[in-house]
Structure formats: structure tokens, C-alpha cells
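First the structure, in the form of C-alpha cells, and then the observations on it.
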Amino acid sequence: MIPPTVDGVHIAQAARYIAAGICMGIGGIGTALGQGFIGGKACEAIGQRPESVKSIRDSSFIALIMAETSSLFAFVVAVMLLFFV
């Protein structure tokens with residue numbers, strides 16, 4: 001049986017592309033908001049206590065790396081949607 005098409009494009013393939021785009025969009029928005037919040041709070045903390053810049057910077061880098069993992073997971077899911085479903 002031939003899958004249904006609209007103007008020569010398979011509907012299932014179009015749905016996979018749309019789902020991958022939504023996955024990356026939501027994953028990217030969450031990561032961007034989290035990283036912005038982390039950066040803002042780090043700047044506030046450095047402004048209040050300039051003598052502890054090194055510890056604040058190190059802590060904020062670790063927090064930024066943890067926040068970035070959610071976008072990497074969203075990327076993995078998007079790739080799985082595109083190629084393995």
C-alpha cells in the first residue's frame with residue numbers, strides 16, 4: 001500500500017519534520033530561559049560580592065552546563081524522530 005501524499009510529500013515524513021522542529025523549539029526555549037536566569041543571578045552575585053568572583057563563576061559554569069543538557073536531550077530526540085521512527 002502506498003502511503004498517503006499531499007502534492008508528492010508523504011504525510012508521515014512531514015509530521016516527523018514538524019515533530020522534530022517542535023521538540024527542538026521547546027527544548028531550546030527552556031534552555032535559553034534557564035541559562036539567562038543563571039547568568040543574571042551570577043551577575044547580581046558578582047555585583048554584591050566582587051571578591052568571590054572565582055567561586056561564583058565556577059558555580060555558574062557548572063549550572064550552565066547542566067542547563068545545556070536539556071537541549072542536547074531534545075536534539076537527540078529530534079534526530080531519533082527524523083531517522084529512526
Side-chain angles (χ1 to χ4, degrees):
M1 184 168 124
I2 299 172
T5 62
V6 176
D7 295 331
V9 177
H10 295 287
I11 294 173
Q13 186 177 7
R16 288 194 319 227
Y17 291 148
I18 292 169
I22 290 172
C23 178
M24 284 305 299
I26 292 172
I29 287 172
T31 300
L33 290 174
Q35 288 180 344
F37 185 74
I38 292 167
K41 291 298 180 177
C43 288
E44 287 179 15
I46 289 171
Q48 291 174 355
R49 290 189 218 130
E51 66 277 357
S52 59
V53 170
K54 185 177 180 338
S55 64
I56 294 170
R57 184 186 61 220
D58 293 344
S59 298
S60 66
F61 280 160
I62 291 170
L64 287 170
I65 291 168
M66 288 182 169
E68 187 68 29
T69 58
S70 64
S71 66
L72 292 175
F73 290 140
F75 177 71
V76 169
V77 170
V79 168
M80 289 174 64
L81 283 170
L82 289 176
F83 297 113
F84 301 114
V85 174

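No experiment lies behind these values; they were computed from the predicted model shown.
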Same apolar cluster: [X] and [Y], side chain cutoff 4.5 Å:
X: Leu72; Y: Ile29; value: no
X: Tyr17; Y: Val79; value: yes
X: Met24; Y: Phe84; value: yes
X: Leu81; Y: Phe83; value: no
X: Leu64; Y: Phe73; value: no

Q: Evaluate whether atom CZ of Arg57 has more than 12 neighbouring non-hydrogen atoms of other residues, nucleotides or ligands under 6.0 angstrom away.
A: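 Above 12, so yes.
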
Q. Looking only at atom types and distance, does a side-chain atom of Ser70 sit under 3.5 Å from a main-chain N or O of Ala67, one as donor and one as acceptor?
A. yes

**Q.** Expected output: side-chain Thr69 to main-chain Met66 donor-acceptor under 3.5 Å
**A.** yes

Q: Heavy atoms only: give me the nearest Ala78-Cys23 pair and the separation to one decimal.
A: N-SG, 4.1 Å

Q) Which heavy atom of Ala63 sits nearest a heavy atom of Ile38, and at what distance? A)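 It is O-CD1, 3.6 Å.
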
Quick one: [atom1] on [X] to [atom2] on [Y], what's the gap to the nearest 0.5 Å?
X: Ile46; Y: Ser55; atom1: CD1; atom2: OG; value: 9.0 Å
X: Glu44; Y: Ile56; atom1: CD; atom2: CD1; value: 11.0 Å
X: Gln35; Y: Ile65; atom1: CD; atom2: CD1; value: 10.0 Å

